[in-house]
Every structure is written in structure tokens, then in C-alpha cells.
Amino acid sequence: MNKALKTLQDRGFIKECTNMDALSALMDKESVTFYVGADPTGKSLHIGHMVPFFAMHHLQLAGHNPIALVGGGTAMIGDPSGKTEVRKMLTPEEVASNCASIKEQLGTVVDFSETPPAGVGKAVMLNNADWLTNLNYIDFLREIGRHFSVNRMLTFESYKARLERGLSFIEFNYQLLQSYDFLTLYREHGCRLQIGGDDQWGNIVAGIDLIRKTESAECYGLTFNLIARSDGQKMGKSEKGAVFLDPELYTPYDFYQYWRNVNDEDVIRFLKLFTFLSLEEIATYEQEGVNINDAKARLAYEQTKIIHGVEEAEKAKAAALAMFGSASAGIENREGMNFLEVERSELEAGIPVLTLFARTDLASTNSDARRLVNGGGAWVGETKITDPKAMIDLSYLDEVGEILLRAGKKRYFRIMVR
RNA sequence: GGAGAGGUUCCCGAGUGGCUAAAGGGGGCAGACUGUAAAUCUGCUGGUUAUACCUUCGAAGGUUCGAAUCCUUCUCUCUCCA
């Protein structure tokens, strides 16, 4: 098998391939241009979206040329694959602004530089709005539409859920558009391979068929395992909602903590998928007698480094050590922690605990804070708060002149005095 | 166009005039147990200047001492027929 493909397989990416032998041979022979699509349905990608892009990273290093396709056009339609609900329609403005921020985020794992290092593939980013938005309906139907069999489309597994609940024509068209994307990329960029999540299988195969019919050319598809946590929860979801890459939506500290707390069974798998550590190095964490917490810390650090950079990763790691490490680890390492500044005068007068907690991420409202106190999970410094009416004043400042709030055992929030 | 079913709190889903801030489950938060894990058990889970008050059951009106529950109009979804 081709080395790059072998890498993906060894790291646990691959689910299915349309023709593994032929693709392998092609990749041995030449640099293959390949693409992954990402729909800009939100302001930020979350980690569940990233699997194909990590795969893209590995293929690029092996000298193949990635195309990251932002679906500025298809996002206007909505992919019904594997979904049970109709997706909310986005305005053109929302789509455009989402595209812009997503471009930036993909840069963390894929090298889009003009002149990549020797041996590394050249990556580009395209937006299918460029060729989709001005399509002429009649022309499109005559050129593309005639190659699609409705009978066949209806048998696709990916539509099954929707056929039970209703599928509107606009969404039914999604597959044609995605196929047309592949065709366009083949024609204009010589793209021979589409990779994507397992839910994209139907759409990918449809694109390959279209290219075969219109261009008499053979292209390939490769899908990846949909990443689920061992507890069955969807990847990328957390207590706080989706684990976004945007630091505004999901702070680097929380991001680090998310990975730090993955299930035991998931650690090795995630190290392979979501970090660039060599398989040999990852193997050392599988050995007998290795503390699994070290593996989790490594996973959290590496992943945070990739997405948010070394600096943020160090800060998050230091903050985590300070909070969860030995008691003497020091209180200096709070940098990565979320914080709030309050006026000194305010603190002199005293702030009701409930109000203070409600102003942090620890509680959303006063009522929420009250629940926390009543449940015995509210801490100010080393003091457990049991009275909802308690006032927090200067006497609670610790030796560095700050207040450390805590909800439960793991959630900390730093109060700084201005 | 015609007929029917339906829109309930984060999600699913009970609820057909007062005892309903609304059963149950999921999810989430907290407590116990731990390893910053999982599983398990317990409590909580609309808001507020909090033993009371305010806002919620697609939207707007109406009936009533009192409505998520009844009536009217509107709106959206689904199913069947043409």
C-alpha cells in the first residue's frame, strides 16, 4: 500500500475507499490533488470537523496537493445526509463571514503557504460559491441533472432518515451540487480524490460517477470513521456545547481541559488522530505501567498547541498543573485561566456571592449561582460558601491579591482587582 | 386546491379548565466514590431585590373568578387525496 495511505490507515482514519488498489497505485506514481469540503454553517469549526483536515495534513506532508473547499455555495442549501432535521437557512452575509473565519482556522493544520517546503504538497483554499452561485438552472439540469437517477438517489442510506421525516427539493439537490464541485475541481485543478467523513460516502460516490460519465475519467473517494467518543457521545460536543476552535467561543484553557478529560479508552485513538506525534511515540503511552493521565496531558497539550499555538498550550498546561497538581504547585500559574476584573472599591463595599458567581462563567444567573451554593459546590479560595447571602469583600483576597472562585472540583475562575 | 394530524420548558415526550413552573426520560450542574477518567448512587435543573412575585406551553385576540388545556384568526410542519 502507498505510504501516505498506510499512515492514514495506521492512525485509524480510514473507513472506506472506492478503490484502494488503484488509488494506492496512483499515489505511488504521482502527486495527487485531493479535496475536502467544509460547510460554513457556523462562525467557527469545532473539533468534530477537523478529522478530514488532520488527514489532509498527513497527505500534504507526503507530497500530495490539498484543496480545502469552503462551501460558500452549498451552505446556502444544506446537506441532508445523515440528518433528521431540516437545517436552518443561512443568509448570504452569514455564509460569507463564516467562510472568512473558517479559512483562518484551517491554517492551523494545513500549510497554505505559497512556497511550501520541498516534498510538501501545495495547498489551496477555494470557495464553491465562485462557480455555484451563478449557475444557470436550465444549463445545469441539462448538463448535470440528466446524469442523476432519482431512483438511485432514493436508495442512498444517507437520505433514509430524511425520507421518513420529509425532505425538501432544495436539500435533495445537495448531492448534485457536491458532485458538480468534484467535477469542477477535476476539470480545473486535476483533482482526483475526495476525502471526507463517513456520512459523505453517498455524495462522494455520486461525484465520482458524474466524472466518469461526463469525462470518462476515474476518480477516487476515501472516507474516515466518524469520530465518536467511547461513551457514544458525539465528538466535539461537551457540557458547554460544541468544542469550537475559536478562542472567543471556547477558551484555550477549557479546550485543554476538554482533551485532558477524555475517556480512558479514547486516549490512544485520539493521539493518533488529533496529534502529529509519531506512532512510535504514541506506542510508548500504551505500554504496561504507564500512567494514563500522562497520555491525557500529552494529548491535551499537543492538541492545544496545534490549534491555539505553543504559548496558549503552555499557559493552559501551567494553569492546569497549578489547579490540579500538588498543592504546592504554586498560585502563580493562573495565566491560562479565565478571569474577571473588578474594581477595588466594589470589593471594599462587598459583593454578594451570588452576584459575583453570576458574573463569571461559573454560573449563568443568580438563580444558577444559588443552586451551586445550595448544592455545596461553591468555593471562594479555600472557603466553602454555604450561605447564599454571604458577601465577598477584601478579606477574601489571597496572598497575591486575587480571589479564586471555584465551582465543583474542576471549574475555576480568577477574580483580579483593578 | 381538499381532508386530517400536530407545534409543550436545552432535546425527546406526558399533560384536554383550578392540586401545573408543567409527569417521565435524555442532557447538564452539584454531592458521594475516584485518577482532573468511566460506571454507579443522591440532589438540583425558567427568572428575580425569593417562604413571595414575574415570565413561559407556535403568534395574536376572545370566553372564564381561573386557560398549556375551550373559541376565533393567523402561522409553520407532517400525512393522505387531487
Side-chain angles (χ1 to χ4, degrees), chain A residues 78 80 83-89 161-171 228-243 250 253-271 285-286 289-301 303-304 316-327 329 333-334 336-338 350-380 384-391 404-413:
Chain A
K83 302 188 177 63
T84 52
E85 299 293 328
V86 186
R87 193 158 69 196
K88 180 175 146 276
M89 284 260 213
R162 290 302 299 280
L163 284 174
E164 282 167 21
R165 303 207 51 162
L167 174 64
S168 80
F169 188 65
I170 181 172
E171 289 186 286
R229 300 194 334 202
S230 57
D231 57 12
Q233 222 194 344
K234 253 193 205 156
M235 191 65 197
K237 296 286 189 182
S238 78
E239 312 75 54
K240 298 183 176 67
V243 181
Y250 209 86
Y253 177 74
D254 287 335
F255 188 83
Y256 180 95
Q257 285 301 328
Y258 177 82
W259 294 101
R260 179 61 185 77
N261 285 313
V262 297
N263 292 358
D264 288 5
E265 304 82 71
D266 293 331
V267 186
I268 298 301
R269 201 157 55 95
F270 287 177
L271 277 169
Y285 288 105
E286 286 184 277
V290 172
N291 184 348
I292 192 151
N293 284 308
D294 294 341
K296 290 185 185 180
R298 188 65 189 276
L299 171 66
Y301 178 77
Q303 176 62 197
T304 308
K317 184 178 165 188
L321 270 179
M323 290 305 101
F324 298 106
S326 59
N333 287 322
R334 294 180 183 172
M337 206 179 289
N338 300 335
I351 304 172
V353 243
L354 299 186
T355 309
L356 188 61
F357 268 87
R359 278 165 65 178
T360 71
D361 297 343
L362 267 24
S364 57
T365 61
N366 274 14
S367 298
D368 199 21
R370 182 184 301 269
R371 262 175 241 128
L372 192 63
V373 171
N374 287 340
W379 296 75
V380 176
K384 180 174 176 177
I385 304 296
T386 50
D387 176 14
K389 290 203 176 78
M391 298 297 281
L404 199 59
L405 299 185
R406 179 153 66 94
K409 281 178 227 143
K410 299 188 221 166
R411 298 156 61 221
Y412 288 89
F413 206 95

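Excluded from the calculations below are hydrogen atoms, water molecules and symmetry mates; all remaining heavy atoms, backbone and side chain alike, are included. Proteins come first, then strands; the chains are lettered A, B, ... in the order of their sequence lines, and each starts at number 1.
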Side chain to side chain donor-acceptor pair (under 3.5 Å) partners of Asn366(A), counting only residues at least two apart: none
C1' gap between rU45(B) and rG1(B), integer Å: 48 Å
Integer angstrom distance from the C1' of rU73(B) to that of rA22(B): 27 Å
Backbone of Gln257(A) reached by a side-chain donor or acceptor of Asn261(A) within 3.5 Å: yes
Minimum-distance nucleotide to Arg371(A) side chain [options: rG35(B), rU36(B), rG46(B)]: rG46(B)
Sequence-distant partners of Arg298(A), salt bridge (charged side-chain N to carboxylate O under 4.0 Å, His left out), two or more places apart: Glu281(A), Glu302(A)
Partners meeting salt bridge (charged side-chain N to carboxylate O under 4.0 Å, His left out) with Asp368(A) (sequence neighbours left out): Arg371(A)
Pairing residues for Arg406(A) by the salt bridge (charged side-chain N to carboxylate O under 4.0 Å, His left out) criterion, not counting sequence neighbours: none
Could you go over nucleotides 52-56 of chain B and give all protein N or O partners under 3.5 Å, atom names and distances?
none

Pairing partner (Watson-Crick or G-U wobble, both distances under 3.5 angstrom) of rC70(B): rG62(B)
Options rU36(B), rA32(B), rC44(B), nucleotide nearest the side-chain atoms of Lys409(A): rA32(B)
Residue whose nearest RNA chain B nucleotide is more 5′ - Leu354(A) or Gly377(A): Gly377(A)
Nucleotide opposite rU49(B) in a Watson-Crick or G-U pair, distances under 3.5 Å: none
Touch class at under 4.0 angstrom, heavy-atom based, for Ala378(A) against every strand present: nothing
Any Lys410(A) side-chain nitrogen or oxygen under 4.0 Å from OP1 or OP2 of rC29(B): no
Counter-base of rC10(B), judged by Watson-Crick or G-U geometry with both distances under 3.5 Å: rG26(B)
Residue Asn263(A), side-chain heavy atoms: nucleotide from rA38(B), rA30(B), rU36(B) that is nearest: rA38(B)
rA30(B) phosphate, OP1 or OP2, under 4.0 Å from Arg411(A) side-chain N/O: yes
Nucleotide nearest Leu372(A) when distance is taken to its side chain, options rG46(B), rA37(B), rA30(B): rA30(B)
Flag, side chain of Lys296(A) to backbone of Val262(A), donor-acceptor distance under 3.5 Å: yes
Qualifying residues under side chain to side chain contact (heavy atoms under 4.5 Å, CB included), relative to Ala378(A), sequence neighbours excluded: Phe357(A), Leu372(A), Val373(A), Ile385(A)
Residues touching RNA chain B, which here means a heavy atom under 4.0 Å, drawn from residues 362-370 of chain A: Thr365(A), Asn366(A), Ser367(A), Arg370(A)
Side chain of Asn261(A) (C-beta onward), nearest among rU36(B), rG35(B), rG46(B): rU36(B)
